[in-house]
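Working notes for the structure below.
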Amino acid sequence: MSVQQFEQEVLQAHNSYRAKHGVPALTLSPKLNQLATDWAKHLLSINRLEHRQNSGYGENLYMASGGNLEGKDAVRSWYEEIKHYNWNNPSFQPSTGHFTQVVWKSSSELGVGFARRDNTIYVVCNYNPPGNYINQFRENVLPPRQ
């Protein structure tokens, strides 16, 4: 799969989930794609997940070894945190921060990066503007439409 195909797969997966929540689609940003790719390559080189400090962007990380090496697998794993989200108390929780960033209404740009060696992949997504701001969950994380 080409880099462009991977980026499009991740973008389409995000926008499919975002549509379920009635929020605008994201667009790919070449600048954010480069930032995310550089970080994914760094994570592969150190062989562990850690967030980039002070980038100014939202960030979701994913690592898989063996299976689930496609872009949509990363986005699905983040979105599946919805089952832990407390709709009665919209707020940041470590167990749902990936999900809330995926569907964060005010984010408009997406950067996609990945690095792969054999059967291991690291995926980094950056978001602009970033999500998960305290006291902004109710207006940015909308329940899925039935």
Side-chain angles (χ1 to χ4, degrees), residues 1-65 67-85 90-145:
M1 177 180 294
S2 74
V3 170
Q4 289 77 16
Q5 287 171 310
F6 191 91
E7 291 169 355
Q8 286 298 318
E9 180 181 300
V10 171
L11 176 68
Q12 289 168 0
H14 273 84
N15 287 338
S16 172
Y17 290 125
R18 290 173 68 84
K20 288 183 181 184
H21 294 262
V23 300
L26 298 171
T27 57
L28 279 178
S29 159
K31 175 184 166 188
L32 290 181
N33 286 346
Q34 188 59 57
L35 184 78
T37 298
D38 291 347
W39 194 245
K41 289 177 179 175
H42 169 74
L43 296 178
L44 183 66
S45 74
I46 64 171
N47 200 33
R48 71 172 182 267
L49 289 176
E50 61 183 45
H51 284 285
R52 181 190 295 255
Q53 296 302 305
N54 304 316
S55 73
Y57 302 107
E59 183 175 74
N60 277 349
L61 306 176
Y62 174 84
M63 188 276 281
S65 215
N68 298 327
L69 302 180
E70 295 183 38
K72 64 183 179 223
D73 296 318
V75 184
R76 183 184 65 243
S77 79
W78 298 329
Y79 186 81
E80 285 176 349
E81 293 177 354
I82 189 174
K83 64 182 173 267
H84 302 295
Y85 191 71
S91 60
F92 179 77
Q93 301 295 323
S95 60
T96 59
H98 299 100
F99 155 69
T100 52
Q101 177 62 87
V102 167
V103 301
W104 194 263
K105 182 179 179 180
S106 65
S107 293
S108 59
E109 289 185 308
L110 176 67
V112 178
F114 72 100
R116 189 177 198 153
R117 182 186 309 118
D118 303 324
N119 282 338
T120 299
I121 191 168
Y122 283 83
V123 180
V124 175
C125 283
N126 288 120
Y127 303 85
N128 186 41
N132 291 338
Y133 281 108
I134 304 300
N135 298 326
Q136 294 183 16
F137 282 80
R138 193 174 304 280
E139 60 267 29
N140 279 287
V141 181
L142 307 181
R145 296 171 165 176

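- Atom CG of residue Leu49 and atom CG of residue Asn60 lie 11.0 Å apart, to the nearest 0.5 angstrom.
- Under the 3.5 Å distance criterion, the side-chain polar atoms of Asn132 are matched with a main-chain donor or acceptor of Gly97.
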Step by step, would you call Arg76 with Asp73 a salt bridge (charged side-chain N to carboxylate O under 4.0 Å, His left out)? CA-CA 5 Å; Arg76 183 184 65 243; Asp73 296 318; 3.2 Å; yes
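- Contacts of Tyr57 classified as ring-ring contact (aromatic ring centres under 6.0 Å, His included), with partners at least two apart in sequence or in another chain: none.
- A donor-acceptor pair is defined here as one N or O able to donate and one able to accept, closer than 3.5 Å; such a pair exists between the side chain of Glu81 and the backbone of Phe99.
- Shortest non-hydrogen contact noted between Ser65 and Thr120 is OG-OG1, 2.8 Å.
- Annotation: the span from Leu69 atom CG to Arg116 atom CZ amounts to 4.5 Å, rounded to 0.5 Å.
- Taking each heavy atom of His84 and Ser95 in turn, the nearest pair found is CB-OG, 4.0 Å.
- Proximity of a side-chain donor or acceptor of Thr37 to a complementary backbone N or O of Gln34 within less than 3.5 Å is not detected.
- Asn128 has its side chain out of reach of Lys31: every pair of non-hydrogen atoms, C-beta onward, lies at least 4.5 Å apart.
- To the nearest 0.5 angstrom, Asn140 atom CG is 11.5 Å from Asn135 atom CG.
- In terms of heavy atoms, Val10 sits closest to Val112 at CG1-CG2, 3.6 Å.
- Rounding to the nearest 0.5 angstrom, the gap separating the CG atom in Leu142 from the NZ atom in Lys20 is 15.0 Å.
- For the atom pair CD of Gln136 and CH2 of Trp104, the computed distance is 5.5 Å after rounding to the nearest 0.5 Å.
- Closest heavy-atom contact between Ile46 and Glu50: CD1-CD, 3.8 Å.
- Between Asn126 and the choices Leu35, Leu110, Asn33, the side chain to side chain contact (heavy atoms under 4.5 Å, CB included) rule is met once, by Leu35.
- Here CG of Leu11 is found 11.5 Å from CD of Glu109. Values are rounded to the nearest 0.5 Å.
- Residues Val75 and Ser16 form no side-chain contact, since every pair of their non-hydrogen atoms from C-beta on lies 4.5 Å or further apart.
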Step by step, would you call Phe6 with Ile121 a side-chain contact (heavy atoms from CB on, under 4.5 Å)? CA-CA 12 Å; Phe6 191 91; Ile121 191 168; 3.9 Å; yes
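- Pairs engaging residues 116-136 under the ring-ring contact (aromatic ring centres under 6.0 Å, His included) rule: His14-Tyr127 [sequence neighbours left out].
- Between Tyr79 and His21, the ring planes lie perpendicular to each other; the angle is over 60°, past the 30° to 60° tilted range.
- Of all heavy-atom pairs spanning Glu59 and Trp39, the tightest one is OE2-CD1, 3.7 Å.
- Between the Glu9 side chain and the Gly71 main chain, a donor and an acceptor come within less than 3.5 Å of each other.
- For the pair Trp78 (side chain) and Leu61 (backbone), a donor-acceptor distance under 3.5 Å is present.
- What you find for Ser107 and Pro130 is that their closest heavy atoms are OG-C, 4.1 Å.
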